[in-house]
**Student:** 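Structure in structure tokens, see below.
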Amino acid sequence: MNREVRVRFAPSPTGALHIGGVRTALYNYLFARKMGGKFLLRIEDTDQTRFVPGAEEYIKEALDWLGIAPDESPWNPGACGPYRQSERKPMYMQYALDLVEKGHAYYAFDTSEELDAMRERLTAARVVSPQYNSITRTQMKNSLTLPEDEVKARLASGEPYVIRIKIPRKEEVRLNDMIRGWVMVHSNTLDDKVLMKSDGMPTYHLANIVDDHLMGITHVIRGEEWLPSAPLHVLLYKYFGWEDTMPQFAHLPLLLKPDGNGKLSKRDADKHGFPVFPMDWTDPNTGDKVIGFREAGYLPDAFLNFLAFLGWNPGDHREIFNLDELVQAFSIERIGKSGTKFDINKAKWYNEQYLRSKSDEELAAYLIADLEKEGLTVSLDKAAQIAAIMKERATFPADLWREGRFMLVAPTQFDEAVSSKKWNQEAVTVLTTYKSKLEVSQEALTAESAKALLEQAASDNEIKFGKVMQAVRLAVTGVGAGPDLMAVFVIIGKDELIKRIAFALDTLHVQS
RNA sequence: GGUCCGUUCGUCUAGGGGUUAGGACGUAUCCCUUUCACGGAUAAAACACGGGUUCGAUUCCCGUACGGACUACCA
């Protein structure tokens with residue numbers, strides 16, 4: 001049987017989409033495209049208590065930003081809708097009841113207090129892992145222990161209940177994970193997980209099996225945190241009689257903290273000052289703010305490239321891949337098994353690579369946008385010129401302006417450390433000469449003519465050109481470092497250049 | 001605690017029974033140069049440990065250690 005590949009990304013709308021989730025979405029997308037299949041988005045909102053307004057929109061916007069929009073989603077439904085589990089609510093009960101009928105599930109009436117009491121009792125009795133299972137269920141209030149009449153009466157009276165899976169006492173459950181190979185667990189370590197909650201909603205375990213089946217999902221690519229419950233899912237496929245079309249599983253390694261141990265979290269972002277979310281987000285309930293890669297200045301292609309390499313590699317030494325190239329090169333077999341520590345330096349490096357590969361005009365658009373925020377305007381042409389000489393030294397688009405502002409705004413003060421060391425009589429002499437040469441020159445200012453004139457000014461005074469360059473730079477830009485000076489001169493223009501030199505000559509004083 | 005998963009330079013990783021264990025980020029040095037960058041070159045830097053199997057193990061097997069995930073009417 002050769003089914004069309006269909007994969008899904010199934011986040012819960014409980015807040016900002018974590019970077020690990022974004023990577024899961026990306027791998028799903030890459031796999032779908034590579035296999036010529038479909039990538040779907042399903043919103044797993046079965047926990048009504050954790051609903052956060054705006055979270056869904058955040059997910060959509062993040063995927064759109066990265067260019068990995070799903071083929072089917074709540075906003076772009078295909079034939080398998082709805083794509084929100086809350087909207088699929090009426091579908092689940094029949095499947096749960098089917099399991100009850102087959103003897104693979106049962107009703108349970110225990111209150112949360114009774115559940116707590118059971119766990120306390122077991123803990124006190126030094127039972128290693130207190131759980132609702134084949135042994136303990138015999139002492140709880142459920143349709144396995146209660147007389148049939150009573151069960152019916154309780155159901156009829158509207159008493160709250162859940163439906164639990166009846167895990168077999170002794171059975172080896174095995175699955176062949178695409179990343180990890182055969183994983184085996186004994187059913188006696190599994191517990192009778194709740195399938196239907198008392199509010200009439202399914203739990204993740206039921207909903208994801210039913211939906212994946214109904215949606216024709218062929219491969220489940222998800223985080224490693226799901227591995228322990230995968231055997232439960234395998235059992236469910238078996239009990240539903242869907243073994244033939246059970247998806248293949250691929251459990252992705254986790255994204256870990258950059259320094260210590262454990263899963264990457266928002267705390268790490270706060271601690272190290274880098275984002276772990278794709279975009280800015282303010283939680284409407286708690287007011288918590290997180291910063292995003294997008295707002296921090298990461299380019300979507302760079303971010304995607306970085307993300308793809310967190311746990312996957314193409315097997316050769318190439319590092320730069322755009323989305324299409326990632327699709328071509330991607331394979332699940334080349335995903336690593338071990339957890340990946342998060343290194344923001346690599347992300348920055350990727351961003352630099354992509355920034356430099358952009359055209360001057362593209363970069364100019366960023367620059368112009370930044371300038372507008374400060375009420376400044378500049379021609380596209382000039383912005384492109386600035387971008388051209390700044391991009392080699394920028395990590396983020398914002399660096400273009402932050403480090404290049406002197407090209408549009410004359411310095412009003414001068415870097416003290418540089419002036420104390422480099423501002424000397426020789427510099428003053430050369431600059432004075434240079435200024436007058438510029439004033440009388442009829443030539444248009446080019447990088448070549450600007451340099452020729454400066455060299456003349458230096459040699460006229462029998463001073464080595466290189467010796468005063470730092471001072472010249474200081475005079476014109478206010479700082480001691482920056483892009484090629486002659487290019488800067490051309491951008492600011494002759495008049496402005498003369499003005500700046502005059503101002504520096506007036507303002508700075510030679511220290512003895 | 002239990003179950004499951006994992007372990008190659010600081011980090012991301014390639015590799016795989018016999019290799020000078022390769023690349024990238026980062027770090028250091030040098031070159032280029034009007035500074036700072038970019039770029040180029042070089043360097044330091046790794047197979048967790050212990051047993052097997054084998055002529056030979058970093059690679060295969062088993063333990064140990066360490067790390068992680070899971071252990072809810074959350075996903």
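As a basis for the values below, the full set of heavy atoms in this structure was taken, side chains included, without hydrogen atoms, waters or symmetry mates. Lettering of chains follows the sequences in order, A, B, ..., and the numbering in each one begins at 1.
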**Student:** Considering the options A/I179, A/V183, A/L227, which one meets the side chain to side chain contact (heavy atoms under 4.5 Å, CB included) requirement together with A/H251?
**Tutor:**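 One option only clears the test, and that one is A/L227.
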
**Student:** Rounded to whole angstroms, how far apart are CG on A/L255 and C1' on B/G6?
**Tutor:**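 Checked: the CG to C1' distance equals 15 Å.
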
**Student:** Across the strands shown, which category fits A/F309 at heavy-atom distances under 4.0 angstrom: base, sugar-phosphate, nothing?
**Tutor:**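 Sugar-phosphate only.
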
**Student:** How is A/R126 classified with respect to the nucleic acid when contacts are heavy atoms under 4.0 Å: base, sugar-phosphate, or nothing?
**Tutor:**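 A/R126: no heavy atom of the nucleic acid under 4.0 Å.
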
**Student:** Applying a 4.0 Å non-hydrogen cut-off, can you work out what A/R334 is touching in the nucleic acid: base, sugar-phosphate, or nothing?
**Tutor:**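 Sugar-phosphate: the residue A/R334, judged by heavy atoms under 4.0 Å, touches backbone atoms but no base.
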
**Student:** Using the ring of each side chain (for Trp, its six-membered ring), is A/Y354 parallel, tilted or perpendicular to A/Y350, with breaks at 30° and 60°?
**Tutor:**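 It falls in the tilted class, 30° to 60°.
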
**Student:** Can you tell me how far C1' of B/C12 sits from CZ of A/F321, to the nearest Å?
**Tutor:**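 Atom-to-atom, A/F321 to B/C12, this comes out as 14 Å.
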
**Student:** Identify, between A/V162 and A/E352, the residue whose nearest nucleotide on RNA chain B lies closer to the 5' end.
**Tutor:**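 Here A/E352 is the residue nearer the 5' end.
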
**Student:** Select base, sugar-phosphate, or nothing to describe what A/D110 touches, counting heavy atoms under 4.0 Å on all strands.
**Tutor:**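 Answer is base: heavy atoms of A/D110 come under 4.0 Å of a base.
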
**Student:** Scan every strand shown for a Watson-Crick or G-U wobble partner of B/C4, both distances under 3.5 Å, and answer none if you come up empty.
**Tutor:**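 With both distances under 3.5 Å, B/C4 matches B/G68.
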
**Student:** Can you tell me if CD on A/Q413 sees more than 12 non-hydrogen neighbours from other groups inside 6.0 Å?
**Tutor:**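 Atom CD in A/Q413 is not crowded, with 12 or fewer foreign heavy atoms closer than 6.0 Å.
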
**Student:** Restricting both atoms to N or O, compile the protein contacts to nucleotides 68-71 of chain B shorter than 3.5 Å, with distance only.
**Tutor:**
residue: B/A69; atom: OP1; partner: A/K263; partner atom: N; Å: 3.4

**Student:** Need the pair for B/C25. Rule: Watson-Crick or G-U wobble, both distances under 3.5 Å, any strand; none if unpaired.
**Tutor:**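 Across all strands, the one nucleotide that pairs with B/C25 is B/G10.
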
**Student:** Could you identify which residues of residues 465-479 of chain A place a heavy atom less than 4.0 Å from some atom of RNA chain B, listed by residue number, or say none?
**Tutor:**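 Within residues 465-479 of chain A, the residues near RNA chain B are A/M469, A/Q470, A/R473.
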
**Student:** What is the distance, rounded to the nearest whole Å, between atom CZ of A/R164 and atom P of B/A72?
**Tutor:**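 From A/R164 CZ to B/A72 P: 10 Å.
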
**Student:** Using a 4.0 Å heavy-atom cut-off across all strands, classify A/P483 as base, sugar-phosphate, or nothing.
**Tutor:**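 The answer is base, as A/P483 lies within the cut-off (heavy atoms under 4.0 Å) of a base atom.
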
**Student:** Which is true for A/R119 with a 4.0 Å heavy-atom rule: it touches a base, it touches only sugar-phosphate, or it touches nothing?
**Tutor:**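 Touches sugar-phosphate only.
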
**Student:** Specify whether A/Y58 and A/W281 have parallel, tilted or perpendicular ring planes, treating 30° as the upper limit for parallel and 60° as the lower limit for perpendicular.
**Tutor:**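 Judged by the thresholds at 30° and 60°, the geometry between A/Y58 and A/W281 is perpendicular.
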
**Student:** So A/F489 and A/Y434, would you call those rings parallel, tilted or perpendicular, with 30° and 60° as cut-offs?
**Tutor:**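 A/F489 and A/Y434: tilted rings.
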
**Student:** To the nearest angstrom, how far is A/I179 atom CD1 from B/C4 atom P?
**Tutor:**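 Atom CD1 in A/I179 sits about 19 Å away from atom P in B/C4.
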
**Student:** Determine the interplanar angle of the A/W226 and A/Y204 rings, folded into 0 to 90°, and report it as parallel if under 30°, tilted if 30 to 60°, perpendicular if over 60°.
**Tutor:**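 Ring orientation of A/W226 relative to A/Y204: parallel.
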
**Student:** Could you tell me the separation between the CD atom of A/Q85 and the P atom of B/A75, rounded to a whole number of Å?
**Tutor:**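 Taking CD of A/Q85 and P of B/A75, I get 8 Å after rounding.
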
**Student:** Sort out the partner of B/G18 for me: Watson-Crick or G-U wobble, both distances under 3.5 Å, none otherwise.
**Tutor:**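 WC or wobble partner is B/C55.
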
**Student:** Within the structure shown, what part of the strands sits under 4.0 Å from A/M184 by heavy-atom distance: base, sugar-phosphate, or nothing?
**Tutor:**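 Answer is sugar-phosphate: A/M184 comes under 4.0 Å of backbone atoms only.
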
**Student:** Is a donor on one side and an acceptor on the other found under 3.5 Å between the side chain of A/H18 and the backbone of A/G20?
**Tutor:**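 Answer holds: yes.
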
**Student:** Mark yes or no for whether A/D191, through its side chain, and A/Y132, through its backbone, hold a donor-acceptor pair below 3.5 Å.
**Tutor:**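 No, the answer is negative, given that no donor and acceptor are paired below the 3.5 Å cut-off.
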
**Student:** Atom CG of A/L454 and atom C1' of B/U35: how far apart are they, to the nearest Å?
**Tutor:**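 Distance check: A/L454 CG to B/U35 C1' gives 14 Å.
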
**Student:** Take the protein atom CZ of A/F342 and the nucleotide atom P of B/C25, then report the distance between them rounded to whole Å.
**Tutor:**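 Whole-Å distance recorded here is 18 Å.
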
**Student:** Contact class for A/T49 (heavy atom, under 4.0 Å): base, sugar-phosphate, or nothing?
**Tutor:**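 Since no nucleic acid heavy atom lies under 4.0 Å of A/T49, the category is nothing.
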
**Student:** Between B/U3 atom P and A/W182 atom CH2, what is the distance in whole Å?
**Tutor:**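 Value for this atom pair: 22 Å.
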
**Student:** Inspect the surroundings of CZ in A/R356 and state if more than 12 heavy atoms from other residues, nucleotides or ligands are less than 6.0 Å away.
**Tutor:**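 Counting neighbours around CZ of A/R356, more than 12 heavy atoms of other residues, nucleotides or ligands fall under 6.0 Å, so yes.
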
**Student:** Once you apply a heavy-atom cut-off of 4.0 Å, does A/K337 come out as touching a base, just sugar-phosphate, or nothing?
**Tutor:**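 Sugar-phosphate only.
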
**Student:** Base, sugar-phosphate, or nothing for A/S338, non-hydrogen atoms under 4.0 angstrom?
**Tutor:**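 Counting heavy atoms under 4.0 Å across all strands, the contact made by A/S338 is with sugar-phosphate only.
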
**Student:** Would you please classify the geometry between the A/F321 ring and the A/F309 ring as parallel, tilted or perpendicular, with 30° and 60° separating the classes?
**Tutor:**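 Ring orientation of A/F309 relative to A/F321: tilted.
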
**Student:** Output yes when a side-chain donor or acceptor of A/D192 lies under 3.5 Å from a complementary backbone atom of A/I167, and no otherwise.
**Tutor:**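 Present.
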
**Student:** Regarding A/G311, tell me which of base, sugar-phosphate or nothing describes its non-hydrogen contacts under 4.0 Å with the strands shown.
**Tutor:**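 Answer is sugar-phosphate: A/G311 comes under 4.0 Å of backbone atoms only.
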
**Student:** Looking at B/C12, does its base get a donor-acceptor pair with the side chain of A/T340 below 3.5 Å?
**Tutor:**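 No, no donor-acceptor pair under 3.5 Å.
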
